[in-house]
Amino acid sequence: MTPTVNQQLASMKASLERSVIPALPAEARFAQEQAGMIAATLAWLIDVQEFELRYERQEAADYYQLLADLAEIDGVEIAGELLSTPLLSADNSLAEIRKQSRELKQAAIAAAIKLDGRADAKLLAVAQRQSEREQAWFRMTGFTSSPAPGGIADVIGARA
């Protein structure tokens with residue numbers, strides 16, 4: 001049986017915590033701190049890595065829908081070629097999905113600027129969903145002021 005990415009990360013974290021960190025000299029505080037940061041990063045990766053593709057697909061879907069909603073508001077030319085292209089599936093690479101998401105986001109922002117405030121409510125709703133995802137994604141890093149109570153699986157699952 002081939003170990004999963006999460007199993008490999010967990011194994012690395014366990015080795016670091018059981019063998020490397022205890023072997024560091026007591027006076028090597030900086031090395032201990034850095035090893036602890038590596039262990040914390042591995043814990044974060046274990047928490048989020050299997051959801052990366054779903055995260056990106058959800059973001060692309062949100063911006064695709066936003067662009068479609070903006071296209072229904074009179075008075076603005078919307079990037080129709082993006083809306084005529086279907087959302088990429090899980091069969092596509094993560095890089096391809098990220099590229100599509102970035103293009104959709106840029107087109108939606110450009111359209112919203114042209115709408116001069118008429119799309120603010122739609123933009124706010126997408127921004128709130130994005131903020132929920134980001135807070136859940138980074139909840140274990142300590143870089144969010146109000147981390148999501150659940151993990152990324154909870155937030156993405158609620159949007160599926």
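- In terms of heavy atoms, E134 sits closest to Y55 at CG-OH, 3.2 Å.
- Partners of E33 according to the side-chain hydrogen bond (donor to acceptor under 3.5 Å, both in side chains) rule, which considers only residues two or more places apart in sequence or in another chain, do not exist here.
- Counting Ile, Leu, Val, Met, Phe, Trp and Tyr side chains that sit under 4.5 Å apart, directly or through other members, M37 stands alone, with no cluster partners.
- The side-chain hydrogen bond (donor to acceptor under 3.5 Å, both in side chains) search around S11 returns none, not counting sequence neighbours.
- The distance from the CZ atom of R57 to the OG atom of S101 is 11.5 Å, given to the nearest 0.5 Å.
- In this structure E56 satisfies the side chain to side chain contact (heavy atoms under 4.5 Å, CB included) test together with L94, I97, R98, sequence neighbours excluded.
- A distance-only check finds a donor-acceptor pair linking the side chain of R118 to the backbone of L115 [under 3.5 Å].
- Residues that satisfy the ring pair (Phe, Tyr, Trp, His ring centres under 6.0 Å) test with Y64, not counting sequence neighbours, are absent from this structure.
- F51 and L88 fall into different hydrophobic clusters, where Ile, Leu, Val, Met, Phe, Trp and Tyr are joined by side-chain heavy atoms under 4.5 Å apart, directly or via other members.
- With Q58 contributing its side chain and Q130 its backbone, the two residues share no donor-acceptor pair below 3.5 Å.
- Under the 4.5 Å side-chain heavy-atom criterion for grouping Ile, Leu, Val, Met, Phe, Trp and Tyr, L45 is not connected to L53 through any hydrophobic cluster.
- Across every non-hydrogen atom of A108 and L66, the tightest pair is CB-CD2, 3.8 Å.
- Residues meeting the side chain to side chain contact (heavy atoms under 4.5 Å, CB included) test with Q106, sequence neighbours left out: R102.
- Linking ILVMFWY side-chain heavy atoms closer than 4.5 Å, directly or via other members, places Y63 and L123 in a single hydrophobic cluster.
- We find that E59 and R129 are not joined by a salt bridge, their nearest charged nitrogen and carboxylate oxygen being 4.0 Å or further apart.
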Going through the distances and angles, do Q8 and T4 end up as a side chain to side chain contact (heavy atoms under 4.5 Å, CB included)?
CA-CA 6 Å; Q8 291 175 356; T4 66; over 6 Å; no
The test is side chain to side chain donor-acceptor pair (under 3.5 Å); show your working for Q135 and S131 and say whether it passes.
CA-CA 6 Å; Q135 288 182 40; S131 178; 3.0 Å; yes
Distance-only criterion, 3.5 Å: show the donor-acceptor pairs between side-chain atoms of residues 21-32 and protein atoms not counting sequence neighbours.
from : atom 1 : to  : atom 2 : distance (Å)
Q32  : NE2    : P25 : O      : 3.1

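- Every residue two or more places apart in sequence or in another chain that forms a side-chain hydrogen bond (donor to acceptor under 3.5 Å, both in side chains) with S93 is listed here: E96.
- Taking I38 as the reference, L16, L42 meet the side chain to side chain contact (heavy atoms under 4.5 Å, CB included) condition, with sequence neighbours excluded.
- Taking the side-chain hydrogen bond (donor to acceptor under 3.5 Å, both in side chains) definition, one finds that K122 meets it with nothing, sequence neighbours left out.
- Linking Ile, Leu, Val, Met, Phe, Trp and Tyr residues whenever their side-chain heavy atoms come within less than 4.5 Å places L87 and L70 in a single cluster.
- Residue pairs meeting the side chain to side chain donor-acceptor pair (under 3.5 Å) criterion with at least one partner in residues 34-51, sequence neighbours excluded, are N6-Q49, N6-E50, D47-R139.
- For A43, the side chain to side chain contact (heavy atoms under 4.5 Å, CB included) criterion is met by K13, M140, not counting sequence neighbours.
- Side-chain contact check for D62 versus R133: some heavy-atom pair is nearer than 4.5 Å.
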